Amino acid sequence: MPRTRKAPAARSVGESLREYGRGVAGGLLFSLPLLYTMEVWQAGFVMPPQRQLAYVVLAMVLLLGYNRYAGLHPDSTWAEVAIDSVEEMGIGLLLSAVVLALIGRIGAGQDLAEVVGQIVVESVTVAIGVSVGTAQLGASDDEDRPGMEESPGGSFGGQLTLAVCGAVLFAANVAPTEEIVHIGVELSGLQLAGLGVATMVVGALVLFFSDFYGSRRWARGEGMVGVLRGTVITYAVGLATSAVVLWLFGRFDGAAPVSMVGLTVALAVASTLGASAGRLLIQGGTNEEG
């Protein structure tokens with residue numbers, strides 16, 4: 001994947017990891033609703049193996065076309081494009097498996113054919129999101145200019161407001177669904193803790209480590225203490241927003257406290273992703289003076 005996003009000059013490990021980070025973030029941004037959709041889970045149970053294979057082949061064709069014609073340099077070869085596409089499909093498969101395991105949709109003891117089917121069905125959209133995220137969601141050239149790079153990105157209150165806006169934008173798409181209830185009620189305490197840790201890791205990845213579009217204005221030179229503080233604050237925004245949105249949609253009506261906690265942590269995956277990535281996209285390319 002990293003080879004075709006820039007001219008074929010020597011690249012550092014950090015640059016490659018940032019591109020993979022953008023790919024993971026893009027995969028989650030564009031596919032999270034489907035990863036939380038019961039009908040898609042069920043499609044993995046009933047889709048025969050030959051159709052699963054055809055689905056993957058179709059995805060590979062789409063990835064090849066996108067990587068060849070969307071934002072690539074003229075000197076990119078078909079071999080490089082093919083390697084990129086295979087890597088993105090692999091990341092899509094792996095990321096789908098990890099998310100499905102975290103939300104309790106696949107696990108030990110489950111029929112292998114059902115596990116593979118769910119992963120394959122989900123991975124196609126995830127892989128396309130990985131490709132789009134890697135190519136289109138990186139920091140723009142304008143952000144490399146001295147005047148732009150020194151901009152702090154606004155006050156804490158402004159950042160918090162945009163984070164809440166992004167969290168609501170994402171959470172409101174998932175909160176009304178029955179899937180969020182199934183996930184929140186069925187996960188054990190240990191699974192919820194693991195889901196919470198994974199959510200914070202993704203939020204930190206987007207805000208501080210992936211060179212995501214707009215992120216240079218939000219987090220620069222703060223050190224690990226600043227990274228930890230920003231990650232905790234972002235997750236807190238995600239949890240609070242999730243609780244409020246769930247209450248507004250009536251998901252807490254008659255629910256036990258332990259169920260409320262489970263629902264909130266489950267929905268916080270979407271809201272935290274919105275609080276981190278969403279606020280960068282909402283802000284867009286404007287140059288903050290603050």
Side-chain angles (χ1 to χ4, degrees), residues 17-18 20-33 35-36 91 94-105 126 129-130 133 137 153 156 159-171 173-175 180 183-184 187-216 218-246 258 260-282:
L17 290 177
R18 282 193 292 272
Y20 282 115
R22 285 199 301 275
V24 170
L28 291 175
L29 276 170
F30 295 113
S31 67
L32 194 63
L35 287 165
Y36 272 56
I91 293 174
L94 179 60
L95 191 57
S96 297
V98 169
V99 174
L100 289 171
L102 285 172
I103 63 177
R105 296 305 98 193
V126 178
V130 169
L137 300 181
F156 176 78
Q159 294 183 35
L160 194 63
T161 300
L162 289 176
V164 173
C165 289
V168 171
L169 183 66
F170 278 57
N173 284 290
V174 181
I180 199 67
I183 295 170
L187 292 183
S188 67
L190 185 60
Q191 288 175 310
L192 288 173
L195 187 60
V197 172
T199 302
M200 285 191 285
V201 169
V202 171
L205 175 72
V206 172
L207 280 177
F208 300 102
F209 300 113
S210 65
D211 206 18
F212 204 69
Y213 182 86
S215 62
R216 295 180 189 177
W218 295 98
R220 183 178 295 110
E222 297 187 7
M224 290 308 299
V225 173
V227 169
L228 181 60
R229 181 177 63 247
T231 300
V232 171
I233 291 174
T234 302
Y235 188 55
V237 169
L239 287 172
T241 302
S242 296
V244 172
V245 170
L246 287 165
V258 65
M260 295 181 185
V261 172
L263 290 169
T264 301
V265 174
L267 185 58
V269 177
S271 57
T272 302
L273 188 62
S276 53
R279 76 188 192 188
L280 303 180
L281 297 177
I282 288 172

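Given the structure is predicted, the values throughout are model-derived calculations rather than measurements.
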[X]: which residues meet the side chain to side chain contact (heavy atoms under 4.5 Å, CB included) condition with it, sequence neighbours left out?
X: V232; result: L228
X: V164; result: V168, V237, T241
X: A101; result: I106

Interatomic distance, [X] atom [atom1] to [Y] atom [atom2] [nearest 0.5 angstrom]:
X: L28; Y: L95; atom1: CG; atom2: CG; value: 4.5 Å
X: L187; Y: L192; atom1: CG; atom2: CG; value: 5.0 Å
X: L273; Y: L32; atom1: CG; atom2: CG; value: 6.5 Å

#### Entry: Side chain to side chain, V174 and V245, heavy atoms closer than 4.5 Å
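No; the side chains remain at least 4.5 Å from each other.
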
### Query
Is any side-chain heavy atom of T272 less than 4.5 Å from a side-chain heavy atom of F170?
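No; the side chains remain at least 4.5 Å from each other.
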
Quick one: closest heavy-atom pair of [X] and [Y], and the distance?
X: V126; Y: S96; value: CG2-OG, 3.4 Å
X: G196; Y: V265; value: N-CG1, 4.4 Å
X: V99; Y: L35; value: CG1-CD1, 3.9 Å

### Query
Quick check: does any side chain N or O of Y36 sit under 3.5 Å from a backbone N or O of A266, one acting as donor and the other as acceptor?
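Such a contact is found between Y36 side chain and A266 backbone.
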
### Query
side chain to side chain donor-acceptor pair (under 3.5 Å) with S242: which residues, sequence neighbours excluded?
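By the side chain to side chain donor-acceptor pair (under 3.5 Å) rule, S242 matches S271.
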
Which donor-acceptor pairs under 3.5 Å do side chains of residues 198-208 form with protein atoms, sequence neighbours excluded?
from: T199; atom 1: OG1; to: L195; atom 2: O; distance (Å): 2.7

